[in-house]
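When a ligand or atom number is given, it counts from 1 through the structure's own listing order. Please read these numbers as outputs of a predicted model, since none were measured by experiment.
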Amino acid sequence: MTTPRLAVLISGRGRNLQAILDAVADGRIRAAMACVVSNRAEAAGLERARRAGVPAAVVCPADFPDRDRFEQELTRVLESHGTTLVALAGFMRVLGPAFIARWRHRMVNIHPSLLPRHRGLHTHRRVLEAGDAEHGASVHFVTEELDGGPVVIQGRFSVQPDDDEHSLAQRAMNDIELKIYPQALAWLARGDLRATADGVEFKGRALAAPLTLGDLEPEFR
Ligand code: GRF
């Protein structure tokens, strides 16, 4: 198998990006970093990419007449770096059908909720409003349905009575996102994880339910 070339799309701080860069650098994710692309020039994550010696590009939607042209440019940049896998890591743009079709089965996203609960924005606030007993984060393959593609792995924790939006966001990030995303990408890069027409295959078998924190390999815990 040729070494996959991973691109990460960001819009903001890039804490997930950093975890991915670290896992590529120390060999836990067997992929080469193709590039990091942000839709915002101010994204702090761009600096993380530069520090790691990874090509960092900005493709700004305001520079294009419509979403299609913006996304064509995004694909052009990704292809120019030989990208074979795409990880959305806090990329705050809804992607259109042509882009999604181009990267079908090769693009994953991290979402801060226990999907299918709380698709979309403000997940931590909505968990509190709904009085949910549990919260967490999910990695899923990207399909046309927003935050609706097949879930690969999900980590969960109990909501405590004194939790607020901030504490939930912190636990979701530190205890779940930063662990499950590098692990999912490691499996994907190794060929252990595959999207199929009906869902997800893990190590050659159809995945009946998402993987969990208990499935993390020791180096990802
Ligand atoms: C994460 O919570 C991610 O799940 C969400 O946006 C946030 C990005 O944070 N989609 P960062 O840029 O990785 O620090």
Side-chain angles (χ1 to χ4, degrees), residues 6-25 29 33 35-52 54 56-61 74 85-95 99-100 103 107-128 132 134-143 145-157 159 163-186 188 210-213 216 220:
L6 175 64
V8 182
L9 269 52
I10 61 165
S11 300
R13 285 169 68 178
R15 289 160 293 176
N16 279 293
L17 167 65
Q18 189 64 58
I20 295 165
L21 290 170
D22 293 347
V24 169
I29 298 178
M33 283 303 303
C35 58
V36 171
V37 186
S38 171
N39 62 315
R40 292 176 57 242
E42 322 79 75
L46 288 167
E47 191 46 40
R48 299 181 191 264
R50 293 186 195 111
R51 269 205 307 270
V54 174
V58 176
V59 183
C60 181
L74 217 46
L85 289 177
V86 179
L88 307 180
F91 185 68
M92 304 304 283
R93 298 286 304 184
V94 175
L95 293 162
F99 187 85
I100 290 170
W103 300 101
M107 178 159 61
V108 287
N109 180 41
I110 182 129
H111 182 75
S113 82
L114 292 171
L115 290 171
R117 279 187 80 68
H118 308 302
R119 295 175 182 173
L121 297 174
H122 310 302
T123 57
H124 312 299
R125 188 190 311 163
R126 285 156 60 206
V127 160
L128 292 169
D132 292 357
E134 289 191 309
H135 186 34
S138 312
V139 176
H140 64 94
F141 281 101
V142 176
T143 62
E145 202 181 341
L146 182 66
D147 300 325
V151 176
V152 169
I153 182 168
Q154 199 159 63
R156 57 182 69 230
F157 58 85
V159 177
D163 266 320
D164 58 18
E165 219 177 310
H166 178 73
S167 66
L168 287 183
Q170 270 210 320
R171 283 223 297 301
M173 175 61 71
N174 295 331
D175 300 351
I176 314 287
E177 296 188 45
L178 299 182
K179 296 180 181 180
I180 65 175
Y181 212 10
Q183 171 73 83
L185 291 166
L188 195 60
L211 296 158
T212 67
L213 290 179
L216 292 178
F220 291 97

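Considering only non-hydrogen protein atoms, atom 7 (C) of ligand 1 sits nearest to Gly90 CA, 4.2 Å. Looking from atom 13 (O) of ligand 1 to the surrounding protein, the closest heavy atom is Asn16 N, 2.9 Å. Here the heavy atom of the protein found nearest to atom 4 (O) of ligand 1 is Glu177 OE1, 2.7 Å. Considering only non-hydrogen protein atoms, atom 9 (O) of ligand 1 sits nearest to Arg15 NH2, 3.4 Å. Of the protein's non-hydrogen atoms, the one nearest atom 12 (O) of ligand 1 is Gly14 N, 2.7 Å.
The salt bridge (charged side-chain N to carboxylate O under 4.0 Å, His left out) check on Arg126 picks up nothing, with sequence neighbours excluded.
Here the side chains of Ile176 and Arg156 are not in contact, with every heavy-atom distance at 4.5 Å or above.
Looking only at atom types and distance, the side chain of His135 has a donor-acceptor partner in the side chain of His124 under 3.5 Å away.
Taking every heavy atom of both residues into account, Val54 and Met33 meet most closely at CG2-CB, 3.7 Å.
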Please set out all donor-acceptor pairs under 3.5 angstrom arising from side-chain atoms of residues 14-21, sequence neighbours excluded.
{"unit_1": "Asn16", "atom_1": "ND2", "unit_2": "Glu177", "atom_2": "OE1", "d": "2.9"}
{"unit_1": "Gln18", "atom_1": "OE1", "unit_2": "Arg48", "atom_2": "NH1", "d": "3.4"}
{"unit_1": "Gln18", "atom_1": "NE2", "unit_2": "Asp22", "atom_2": "OD1", "d": "3.0"}

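Ligand 1 has Ile110 within reach: a non-hydrogen atom of the residue lies less than 4.0 Å from it.
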